[in-house]
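Just so it is clear, the values below take in all heavy atoms, side chains as well, and ignore hydrogens, waters and symmetry mates.
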Amino acid sequence: MRKPYALLRLPFPLLTALLLPPVLLWPAGPSYAADNGSWSVFPVSSEISQRPYFYVTANPGTTIRDKVVVANKTGRPLTFRLYAADAYNTARDGGFAVRTVKERQRGVGAWARPAKSRVTVPARGRVTVPFTLRVPERAEPGDHPGALVALDERIDAGDGSLAVGVQRAVGARVYLRVNGPTVPALAVEKVRVRHTQPLVPGTGDSTATISYTLHNTGNVTLNPRVELRAQGLFGRTLLSRDLTGIPSELLPGQRVRLAEPWRGAPQLDWGDVTLTASAEDTRESASVSFFALPWLVALVLGTGLVAAGVVVRARRRRALR
């Protein structure tokens with residue numbers, strides 16, 4: 001009987017391309033480390049300086065030529081599939097990720113072409129591969145992030161009842177900006193507050209989870225900051241903090257769903273939660289109201305309302321006789 005295969009997600013620069021379906025993933029981490037310990041991918045260096053990534057600014061219709069280096073750190077030759085890919089933010093945590101070789105590419109992944117699609121790198125050696133990036137005449141202004149990826153097409157099978165097929169890859173990031181009007185814009189969407197409270201007031205801790213979507217609605221990459229403020233009855237400040245865990249790079253058009261825990265949330269209160277997201281030249285806020293009520297209090301109030309309704313109906317019936 002064939003063993004089932006599972007999809008794994010590994011930290012950048014270990015990109016995963018699995019059997020069903022392949023996914024290339026760059027969770028947030030050291031953005032300069034295009035290296036997985038066995039091989040690395042990086043721009044060719046000049047006599048003046050080394051480049052951690054490809055930074056390209058071009059007009060629509062421009063053709064750019066550059067070179068990428070694939071270095072083998074192992075004691076045996078390695079063969080890679082070399083291709084260009086579009087980048088995006090993962091919905092889970094906003095990490096930098098790239099499309100797989102089988103996915104449709106629309107930006108850098110469609111416009112860049114390495115001179116070789118496969119390359120064999122000798123042990124402890126490196127190979128330099130030219131590539132061409134042709135920006136279409138109708139390319140939209142703004143940022144178009146991507147990467148040049150070296151994918152090891154060998155599949156490592158796992159052991160045990162659940163066999164896992166894993167492919168590894170490393171990519172050198174490409175930050176392309178097409179000249180034209182730039183529009184930095186940021187939105188906070190779908191703010192929700194979910195409470196967890198003790199049954200009896202004062203007998204335990206009350207917590208809440210504030211979830212929201214951060215959406216880059218512009219055409220440039222943003223480094224967002226998010227402020228959280230909660231107010232209760234009579235305008236009392238219950239919570240005020242700058243949030244952590246925000247993606248350091250929110251790419252154009254991308255949405256990321258995030259959550260913030262609120263320990264010591266009120267057990268009995270009525271107010272508003274406001275999230276304010278800001279980046280260079282843009283600032284937007286969104287709010288949601290919350291009503292904190294312990295289950296026991298809600299049960300007592302509900303029972304009281306039901307009883308009051310029964311009494312009122314009974315009196316009305318007697319009055320109509």
Any donor and acceptor pair, going by atom type alone, linking the side chain of [X] with main-chain N or O of [Y] inside 3.5 Å?
| X | Y | value |
| --- | --- | --- |
| N59 | N179 | no |
| R81 | R118 | no |
| R255 | A91 | no |
| T90 | G95 | yes |
| D152 | R168 | no |
| N216 | P224 | no |
| Q105 | A85 | no |

I'd like to check [X] versus [Y] (side-chain heavy atoms, cut-off strictly below 4.5 Å). Are they in contact?
| X | Y | value |
| --- | --- | --- |
| L82 | S117 | no |
| S211 | R257 | yes |
| L250 | L186 | yes |
| R106 | D86 | yes |
| V41 | F80 | no |
| D66 | P43 | no |
| D93 | V256 | no |
| P114 | V68 | no |

What residues, two or more places apart in sequence or in another chain, satisfy side chain to side chain contact (heavy atoms under 4.5 Å, CB included) together with [X]?
| X | answer |
| --- | --- |
| N72 | T74, L78, V121 |
| A71 | S40, F42, R126 |
| A84 | A112, L148 |

Which heavy-atom pair separates [X] from [Y] by the least distance, and what is that distance?
| X | Y | value |
| --- | --- | --- |
| A208 | A265 | CB-CB, 3.9 Å |
| V188 | A277 | CG2-CB, 3.5 Å |
| Q231 | L238 | C-CD1, 3.9 Å |
| Q50 | S45 | CG-OG, 3.4 Å |

I would like to know whether T237 and R229 meet side chain to side chain donor-acceptor pair (under 3.5 Å); could you show each step before the answer?
CA-CA 8 Å; T237 298; R229 185 177 178 84; 2.9 Å; yes

Value rounded to 0.5 Å, distance of [atom1] in [X] from [atom2] in [Y]:
| X | Y | atom1 | atom2 | answer |
| --- | --- | --- | --- | --- |
| L258 | L243 | CG | CG | 8.5 Å |
| T62 | W111 | OG1 | CH2 | 11.5 Å |
| R173 | E249 | CZ | CD | 5.5 Å |
| L233 | D269 | CG | CG | 4.5 Å |
| L228 | I210 | CG | CD1 | 4.5 Å |
| L222 | S248 | CG | OG | 11.5 Å |

Determine all donor-acceptor pairs shorter than 3.5 Å in which one atom belongs to a side chain in residues 131-144; sequence neighbours excluded.
unit_1	atom_1	unit_2	atom_2	d
D143	OD1	R177	NE	2.6
D143	OD1	R177	NH2	3.2
D143	OD2	R177	NH2	3.1
D143	OD2	T221	N	2.7
D143	OD2	T221	OG1	3.4
H144	NE2	E140	O	2.7

Are [X] and [Y] joined in one hydrophobic group, where the rule is that I, L, V, M, F, W and Y side chains link up if heavy atoms are under 4.5 Å apart?
| X | Y | result |
| --- | --- | --- |
| V220 | L176 | no |
| L268 | L239 | no |
| V129 | F54 | yes |
| V193 | L275 | yes |
| Y55 | V149 | yes |

Could you pull out all residues at least two apart from T244 that satisfy side-chain hydrogen bond (donor to acceptor under 3.5 Å, both in side chains)?
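For T244 there are no side-chain hydrogen bond (donor to acceptor under 3.5 Å, both in side chains) partners, ignoring immediate neighbours.
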
Apply side-chain contact (heavy atoms from CB on, under 4.5 Å) to T196 and R194, showing your working.
CA-CA 7 Å; T196 302; R194 181 172 58 85; 4.1 Å; yes

Is there any salt bridge (charged side-chain N to carboxylate O under 4.0 Å, His left out) pair reaching into residues 273-289, and which pairs are they, with sequence neighbours excluded?
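For residues 273-289: E227-R283.
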
Once the angle between the rings of Y175 and Y53 is folded into 0 to 90°, is it parallel (under 30°), tilted (30 to 60°) or perpendicular (over 60°)?
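If you compare the ring of Y175 with that of Y53, the planes turn out perpendicular.
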
In terms of ring plane angle, is the pair H195 and F290 parallel, tilted or perpendicular, where the classes change at 30° and 60°?
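Rings of H195 and F290: tilted, 30 to 60°.
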
